[in-house]
Every structure is written in structure tokens, then in C-alpha cells.
Amino acid sequence: MFLPIILFGAFSASQGADDRLGNLTVAPYIMISMASYGAMNAVLVTAGRITTERSIGWNRQLRLTALTGPQYVLGKAITGFTLAVLPIVTVFVAGDAMHGVRLSAGTYLGAGASVLLGLVPLAAFAIWLGYLVRPENMQAVTGGVFSLLALAGGIWVPVENFPGWLADIVKVLPMYWSAQSGRAVLAGGWIGGRGLVTLAVWTAVLGTLAGRAYLRDQLRA
């Protein structure tokens, strides 16, 4: 929870109040990036929880109850998104405290909800990963994947600073749209049709993979 705040302070400390990235000044731009980073971490932790439960046989016990597979998976996703709210709120508070980023309540709610919307495909990815990776390998895998997703999503380096060809690649990845949709709200807009289609396609693909992985694990039990 505290790492996104520390990173927000570090990345925004040397920037002038009027410096801009895209159509936002630097502080709000980085604030959304770090809120997305913290929320992404909370959602991806779902993978670790699933693989831990698999390792101790808890999944097999749950299958003896009335809880269905879809209910179990949905519950994991909801838990991840609930935890993701906390880093978003704390980074927004830090934005006000450190740089005077003050927005209306509606803008805060819209930006936070948009960041979470952009993470729906990653929730499916986390569930798939939880059934795909062995428990002893999960920490190493998620650490590497987490860093790559943050880089590919323009969290560490603004996409505006990428070469044109690389920016085009990044914009077809779901992580980019988490932060971008939040920034769009701050700029008075919304994620747009391209963003919604990109998120819908990735959600369908990764959701299918997650469902198949769950069924394979169920057959092994």
C-alpha cells in the first residue's frame, strides 16, 4: 500500500507545477499511474491466493460444498478488486497532500472506477496464473510479470515518451487502459470505444483461459 505513495512522491518531486504529460499536468498524471500500479498489485495477488489454496488442498474441500466453480472464481475476483480500492484511495490522498491535486468527488469516483475497469482483464489473468503456476514458482513468476505489466502499461515511463511503434503496441495491451482510462476522466473525457473494445477482447480471451485452467484443476482433484 505504501510503495505507490513513495513512488508517487519520488517521480513527481522534481517536476514543476506547470509541466505536462499528455493533456494533464505531471502530478495528476503520475497520481493516476501510481493508483493503477497499486490496484494492479492488489488484483494480481489473487494468483498467489489461489495457488496457495491449491497447495494445501483447500480447493478440493470447497468442491465438497455447495459453492460452484464460477462462484469461487468470482469471489476471488471481487476480493481482489475490493483490496484494490485501498491503494487508489491512499494515492489520491497523497496527491492532495503532496501536490495539492484537488478534484471533485465525482471526478475521484469516476477516475477510481475507470482504473478498476481497466483491471478486469488482469483479474482474469491472475486467476489463470493461479491455476497455471506451481506454488513454489509463483513468487518469481508474479514478480517478473508484475514488472513487465507495469512497464508495458506506461507506469514507469509515460507512453508519450515511447517511440511511435512501441506506443502503438502498448495501446493494444490491457494494462495501458487502466491508467489511461483514469487519466481520461481527469481530462474531462472517457476511455473511448477503442479502449472498451480492447478491454472486452482481453477479458474474453483471458477469461476463457482462466475457465479452462480451473476445469483442468478440477479434473485432477
Side-chain angles (χ1 to χ4, degrees), residues 36-85 87-88 113-155 168-181 191-221:
S36 182
Y37 173 79
M40 179 181 72
N41 187 28
V43 169
L44 288 179
V45 165
T46 302
R49 293 195 186 94
I50 290 175
T51 196
T52 298
E53 291 178 359
R54 287 173 56 214
S55 69
I56 62 175
W58 181 241
N59 282 19
R60 290 192 295 273
Q61 294 299 318
L62 288 177
R63 290 183 184 122
L64 300 176
T65 70
L67 184 69
T68 66
Q71 288 172 338
Y72 169 79
V73 171
L74 181 61
K76 290 298 180 187
I78 290 174
T79 300
F81 278 106
T82 301
L83 294 175
V85 172
I88 292 174
S114 295
V115 167
L116 293 176
L117 172 65
L119 291 174
V120 171
L122 292 186
F125 173 74
I127 293 169
W128 176 52
L129 202 62
Y131 287 108
L132 186 68
V133 179
R134 293 180 180 275
E136 61 269 23
N137 299 329
M138 179 57 70
Q139 186 172 358
V141 171
T142 54
V145 168
F146 187 56
S147 298
L148 287 173
L149 287 173
L151 179 62
I155 299 299
D168 290 339
I169 294 174
V170 166
K171 289 176 184 177
V172 301
L173 302 176
M175 187 56 206
Y176 167 78
W177 293 101
S178 174
Q180 181 59 26
S181 59
I191 190 174
R194 178 182 179 183
L196 285 178
V197 169
T198 301
L199 292 175
V201 170
W202 278 106
T203 299
V205 171
L206 294 170
T208 299
L209 292 173
R212 289 178 178 175
Y214 174 82
L215 290 176
R216 284 197 301 270
D217 184 74
Q218 189 175 38
L219 292 173
R220 291 194 201 102

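Hydrogens, waters and symmetry mates are skipped; everything else that's a heavy atom, side chains included, is used. Please read all numbers here as calculations on a predicted model, not as lab measurements.
Among residue pairs with one or both ends in residues 117-134, none qualify as salt bridge (Lys or Arg N to Asp or Glu O under 4.0 Å); sequence neighbours excluded.
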Checklist line | Derivation of the side chain to side chain contact (heavy atoms under 4.5 Å, CB included) call for Gln180 and Ile191 | finding: CA-CA 7 Å; Gln180 181 59 26; Ile191 190 174; over 6 Å; no

Taking distance alone, no hydrogens or angles, what donor-acceptor pairs closer than 3.5 Å link side-chain atoms of residues 201-208 to residues at least two apart or in another chain?
from	atom 1	to	atom 2	distance (Å)
Trp202	NE1	Val172	O	2.6
Thr203	OG1	Leu199	O	2.7
Thr208	OG1	Ala204	O	2.7

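Side-chain contact between Leu117 and Leu196: present, with at least one pair of heavy atoms (C-beta onward) separated by less than 4.5 Å. You'll find the side chain of Met175 reaches within 4.5 Å of the side chain of Ser36, heavy atoms only. Using a 4.5 Å heavy-atom threshold, the side chains of Val43 and Phe125 count as separate. In this structure, Arg194 and Trp177 have side chains that are in contact, with non-hydrogen atoms separated by less than 4.5 Å.
Counting only distance, with no hydrogens or angles, the side chain of Thr52 and the backbone of Gly48 share a donor-acceptor pair below 3.5 Å.
Rounded to the nearest 0.5 angstrom, Leu149 CG and Asn41 CG are separated by 11.0 Å. Of the inter-residue distances, the one linking Tyr37 atom OH with Ile155 atom CD1 reads 9.5 Å to the nearest 0.5 angstrom.
Listed by chain and number, the residues in a side-chain contact (heavy atoms from CB on, under 4.5 Å) with Thr46 are Arg49, Ile50, Lys76, Ala126, Ile127 (sequence neighbours excluded). The side-chain contact (heavy atoms from CB on, under 4.5 Å) test applied to Ile78 returns Leu74, Thr82, not counting sequence neighbours. Under the side-chain contact (heavy atoms from CB on, under 4.5 Å) criterion, Val133 pairs with Leu129, Asn137, Met138, Val141, sequence neighbours left out. With sequence neighbours excluded, the residues satisfying side-chain contact (heavy atoms from CB on, under 4.5 Å) with Ala42 are Leu83, Ala84.
Closest heavy-atom contact between Ser181 and Ser178: OG-O, 2.9 Å.
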